[in-house]
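Accompanying notes for the structure given below.
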Number of protein chains: 2
Amino acid sequence: MKAEIIAVGTELLLGQIVNTNAQFLSQELATLGIDVYFQTVVGDNLIRLQESIQLASERADIIVFTGGIGPTQDDLTKEALAAFLGRELHIDRISMDLVEDFFNKRGAHMTENNRRQALVIEGSSPLTNSTGLAVGIALSHEGKHYIVLPGPPKEMAPMFVEQAKPWLLQHAITNEMPIYSTMLKFAGIGESALEERLIDLIQNQTDPTIAPYAKEGEVTIRISTKANTEQDAMIKLDVLEEQIRSILPNHVYANKDISIERAIVDLMTERKLTLSAAESCTGGLLMERITSIPGSSTVFLGGIVCYSNQLKEKLLNVPHDLLEGDGAPGAVSAEVAEVLAEQVRMIGDTDFGLSITGVAGPDYSERKPVGLVYIAIAERGKDTEVLELRLSGNRESIRMRTVKSLLYRLWLKMVQSEKLQQDS
Amino acid sequence: MKAEIIAVGTELLLGQIVNTNAQFLSQELATLGIDVYFQTVVGDNLIRLQESIQLASERADIIVFTGGIGPTQDDLTKEALAAFLGRELHIDRISMDLVEDFFNKRGAHMTENNRRQALVIEGSSPLTNSTGLAVGIALSHEGKHYIVLPGPPKEMAPMFVEQAKPWLLQHAITNEMPIYSTMLKFAGIGESALEERLIDLIQNQTDPTIAPYAKEGEVTIRISTKANTEQDAMIKLDVLEEQIRSILPNHVYANKDISIERAIVDLMTERKLTLSAAESCTGGLLMERITSIPGSSTVFLGGIVCYSNQLKEKLLNVPHDLLEGDGAPGAVSAEVAEVLAEQVRMIGDTDFGLSITGVAGPDYSERKPVGLVYIAIAERGKDTEVLELRLSGNRESIRMRTVKSLLYRLWLKMVQSEKLQQDS
C-alpha cells in the first residue's frame with residue numbers, strides 16, 4: 001500500500017518551521033507496513049492545494065494531510081478536500097461543543113472564526129483533538145483513504161496515534177500482513193559505537209529487521225517483523241532482543257518507547273525510593289525532565305537551582321573555601337559536586353541526591369573550558385559517586401547531554417544494586 | 001519567480017531523518033525574493049524521481065535538488081536530470097582530482113563508485129563542494145534553472161551560499177527586487193485574538209504583507225516587503241510596525257526573532273536587576289528556560305523547586321497552617337504563591353522573586369482541578385502580584401503555558417514601570 005503525506009502551510013514554504021510532521025508520520029506509516037512514496041509541502045493556497053490533492057490521489061492509496069485546519073481564513077485544507085471530493089462541509093456538533101467549552105471555561109469571548117475548527121466533511125469520521133481545538137477527519141472515497149490532521153506537532157501526534165492509526169488499521173490496511181515491532185531504548189552509548197557493537201547482527205539480519213536511529217542524545221533500535229499473529233512475531237522479536245541485550249548488557253533501559261526519566265521514576269516508585277537534586281549549569285533542566293513524568297511527585301521531592309555561588313553557600317552549605325580564594329577548586333569541581341549532592345540529599349532527607357556543576361558556555365568560567373562538567377550521585381549510607389564529563393557542542397546540547405549522562409548513571413546504579421542483591 | 005525544492009532520499013520517506021534542507025533552502029530563496037510554491041520529497045527511485053522533475057519543471061522556474069549525488073548505486077539525481085533534459089553526463093576533471101586527492105592523502109583505496117561523485121551534466125556549471133566530495137551542478141535549460149546540491153546539510157548549506165546563490169543572482173533572478181522583512185514577537189495573546197485585533201490591517205494590506213503564525217504558546221508576525229534598497233524597505237516596514245504596536249501596545253515584546261526569556265534577560269541586564277524563583281508544579285521549567293539564555297547568570301541567581309510540601313515549609317518558610325489542616329487554603333492557592341515569591345526573593349536577596357504553584361495533571365490534587373495554577377511576582381519594595389490561571393491541555397502544555405504567562409507578566413511589569421517613570 002502506498003501513502004503520500006501532504007503538509008499544508010506557507011510557514012513551511014518560507015522556511016519558518018521545519019517539517020517534523022512528515023518525519024513522524026513517515027515513521028508511523030512504516031511501522032504499519034505502508035510505503036511512503038512522496039512527501040509534499042504546499043502553501044495556504046486553494047488552487048495549489050487542490051492540484052496536490054489531485055496528484056496524490058492518482059499516485060497513492062492513503063493521503064495524510066497535516067496543517068491548514070486552524071481557525072483563520074488561510075486554513076483551507078478541509079475546504080480543498082471537500083471540493084475535490086464533491087462533498088459538503090458541516091459543523092460537527094460534539095467538536096463545536098468542545099470549542100465553546102474551551103472559551104467558556106476561560107470566560108473568554110469565542111471569535112466567530114473558531115467555528116471553522118469544528119468543520120468536518122460529510123460522511124467522514126471526526127478525529128477528536130485531545131490537545132487542541134481543531135477536529136481531524138478520516139474518510140474513504142472511491143477506494144482511497146484520506147486523513148486530515150492538525151499542523152502543531154503536539155496536536156498531530158496524539159491524534160494520529162490514538163485515532164487515525166486505529167482507523168487505518170480497521171478501514172484501509174486490512175489485508176496486509178501486519179508489522180510488529182519492539183523498540184529498544186539505549187542510554188550511555190552513542191549511535192556509532194552502538195552500530196559497531198551490533199554490526200554483525202545488523203548485516204546478517206533480514207527478519208526481524210534492525211533499524212537504529214538517534215535523537216537528542218538518545219539511541220533507539222526498532223526491531224520489526226511481519227507475522228500473521230502477534231505471538232508468532234513476539235517469538236522472533238524476543239530472540240533478537242535477548243541477543244542484543246547480551247551484547248550490550250548495561251545499556252538497554254527499556255523495550256518500549258519511554259524516556260530514561262520515565263524508567264527511573266517507575267523503578268523508584270516500585271522500590272519506594274526518593275530523590276532530590278542540586279543543579280548549577282543545567283539551571284533546572286534535570287528537575288524539569290524528572291517532573292515532566294506524571295506521578296513523579298511520589299519519588300521526587302524537590303531541589304535547588306544554585307546558579308550563583310551565594311546560593312551554593314547559603315542553601316547548600318558549600319564551604320566558602322571550596323568556591324573562592326587561592327587554591328580553591330572552584331564551583332566547577334569534583335569537590336563541590338560532591339558537597340552539593342550530599343547536602344541536597346540531607347536537606348530533602350531522600351534516598352538519592354543528584355548534583356550538577358559545570359561550564360555550559362558559550363563563555364568559559366573560572367578559567368575552565370566550556371563542556372567541563374561534574375556530576376555526582378549521593379546515596380543514603382553509601383559513598384558518593386562523582387564523575388567528570390568533557391562534552392562538546394553548544395550550550396543547549398551540553399546541558400541536555402549532562403542531564404542524560406546523570407540519568408543514565410542513576411539508572412545504572414539502581415540496576416546494578418539490584419543485581420548485587422540478587423547475586424548475594 | 002517561482003521555485004520548487006526536491007529533496008531526494010528514501011531515508012527521508014522512512015522518517016529516519018528530518019528534512020531540514022528544505023527549511024534552509026526555503027529561507028534562503030525567500031531572501032532572494034523567490035517564492036517557493038512546493039517542497040517535494042521523493043525516494044531513490046529513477047522513475048518517481050523523473051516524474052517529480054517533469055512536474056516541477058512545469059510549475060516552477062527554478063528547481064533546486066538536494067540529495068542523491070553520493071557514490072552509491074542508489075544516488076540517482078544527476079542521472080534522472082540528465083535523462084530528463086536529454087543531455088550527457090561526464091566526469092568533471094577538477095572534481096575528480098579532488099576526490100582522488102582525498103583518498104591519496106589518507107592513503108586509502110578509492111573504490112570505483114567514488115568516480116560518480118565527480119559527474120556533471122554537459123553544459124552545466126560545476127559547484128565545488130568545500131566540505132565533501134560530491135560536486136554540485138547549476139544549469140539553465142529552456143528558460144528553467146536547475147541547481148543540484150548534496151544531501152548532507154553541512155555540504156549543502158555552504159555550497160548553496162557560496163556558489164549556487166551567486167549563480168542564481170547572475171543567471172536567473174537578475175530583475176527581481178529583494179524581500180526585506182521584520183519579525184514581530186507577541187506574548188500574552190493567542191493567535192486568533194491577535195488576528196481579530198489586526199483583521200483590518202491584514203485584509204487591506206498588500207505591501208508590506210502580514211503573515212501571522214503560532215508555535216508553542218508564542219505568536220509571531222512577519223511583515224515583508226519588496227524594495228530596491230534596504231532603506232526603502234525599512235520605511236515601509238517601520239510604518240506598519242508602528243500601526244501594529246499602537247493596536248496592541250502591551251504585547252509586542254521584540255521586533256526580532258528572540259524568545260521572551262531572552263527579552264527579559266536583556267532588559268534586566270540593562271537595568272542591573274536580579275531574579276530568583278520558586279517552582280512547584282512546573283518542576284524547574286521556568287528556571288530552565290531562563291538559564292537557557294547565555295549570559296543569564298548576571299541576572300538569575302537561582303531558586304528552589306519545592307515539589308513537596310515538606311520542602312515548601314523547610315526551605316521557603318511556608319506556614320504549615322497554610323498547607324494542611326481544616327480550612328487551610330492548601331499548596332495550590334494564592335496565599336501560598338504569594339509566600340513562595342516573597343520568600344525566594346528574600347532568600348536570594350534579588351529584585352524580583354517569581355513563584356508557581358498549581359495542578360499540572362493528569363490527576364487532580366487537593367481536590368483542585370487540573371489546570372488551576374497560581375503565579376506570583378514579588379518585587380523589592382512593592383506589593384506582590386498574584387494571578388490565578390485556568391489552563392487546559394495536557395501536563396506538558398499546562399506547564400509550558402504557565403511559564404509563558406509568568407514570563408509575559410514579568411516583562412509587562414518591567415515595561416510598565418518604565419512607562420510610569422517616564423510619565424512622572
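We name chains A, B, ... by the order of the sequence lines, and we start the count at 1 in each one. These numbers come from the heavy atoms of this one structure, side chains and all, not from hydrogens, waters or symmetry mates.
Side chains of A:T40 and B:Q39: a donor-acceptor N/O pair is absent below 3.5 angstrom, by distance only. Donor-acceptor pairing under 3.5 Å is lacking for the side chains of A:T274 and A:T350. A:K105 and B:S392 form no side-chain donor-acceptor contact under 3.5 Å, judged by distance and modelled atom types alone. Inspection of the B:Q54 and B:Q50 side chains reveals no N or O donor paired with an N or O acceptor under 3.5 Å.
Residues of residues 299-309 of chain B lying within less than 4.5 angstrom of chain A, judged on heavy atoms, are B:F300, B:L301, B:G302, B:G303, B:I304, B:V305, B:C306, B:Y307, B:S308 in numerical order.
For a residue to count as touching a neighbouring chain, one of its non-hydrogen atoms must lie under 4.5 Å from one of that chain's; by this rule A:P152 does not touch chain B. Using a 4.5 Å cut-off between heavy atoms, B:S397 touches chain A through its side chain atoms alone. For A:T131, the part lying near chain B is the side chain, with the backbone staying farther off; criterion is any non-hydrogen pair under 4.5 Å. Both the backbone and the side chain of A:S296 have a heavy atom closer than 4.5 Å to some heavy atom of chain B.
Geometric assessment of A:R106 against the ring of A:F102 yields a positive cation-pi assignment under the 6.0 Å and 45° thresholds.
Taking CD from A:Q27 and CG from A:L32, the interatomic distance works out to 12.0 Å, rounded to the nearest 0.5 Å. The structure places CD1 of B:I189 at 7.5 Å from CG of B:L198, a figure rounded to the nearest 0.5 Å. The distance from the CG atom of A:L286 to the SG atom of A:C281 is 10.5 Å, given to the nearest 0.5 Å.
Interface check for chain A: of the options B:E279, B:R59, B:M287, B:R48, the most heavy-atom pairs under 4.5 Å are formed by B:R48. Between chain A and the residues B:E4, B:M183, B:E28, B:R222, the most heavy-atom pairs under 4.5 angstrom are made by B:R222. In terms of heavy-atom pairs under 4.5 angstrom with chain A, the leader among B:S192, B:A30, B:A22 is B:S192. Ranked by heavy-atom pairs under 4.5 Å with chain A, the list B:I293, B:N45, B:L29 is led by B:I293. Contact count versus chain B (heavy atoms, under 4.5 Å) is highest, among A:D349, A:L311, A:D35, A:L315, for A:L311. In terms of heavy-atom pairs under 4.5 Å with chain B, the best-connected choice from A:S292, A:S297, A:P362 is A:S292. Counting heavy-atom pairs closer than 4.5 Å to chain A, the top-ranked of the candidates B:L389, B:L391, B:L55, B:I202 is B:L55. Options A:T72, A:T10, A:V18 differ in how many heavy-atom pairs under 4.5 Å they form with chain B, and the most are formed by A:V18. Interface summary for chain B: among A:L25, A:D74, A:N19, A:L12, the most heavy-atom pairs under 4.5 angstrom belong to A:L12. Heavy-atom pairs under 4.5 Å with chain A were tallied for B:K314, B:R289, B:Q310; the largest tally goes to B:K314.
For the pair A:L354 and A:L275, the minimum side-chain heavy-atom distance is below 4.5 Å.
Among residues at least two apart or in separate chains, there is no ring pair (Phe, Tyr, Trp, His ring centres under 6.0 Å) pair with a member in residues 10-29 of chain B.
Contacts of B:E288 classified as salt bridge (charged side-chain N to carboxylate O under 4.0 Å, His left out), with partners at least two apart in sequence or in another chain: A:R399. Applying the salt bridge (charged side-chain N to carboxylate O under 4.0 Å, His left out) test to A:R116 and every residue at least two apart in sequence or in another chain returns A:E79.
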Determine, stepwise, if the pair B:R390 / B:E388 fulfils salt bridge (Lys or Arg N to Asp or Glu O under 4.0 Å). CA-CA 7 Å; B:R390 288 180 180 266; B:E388 180 184 300; 2.9 Å; yes
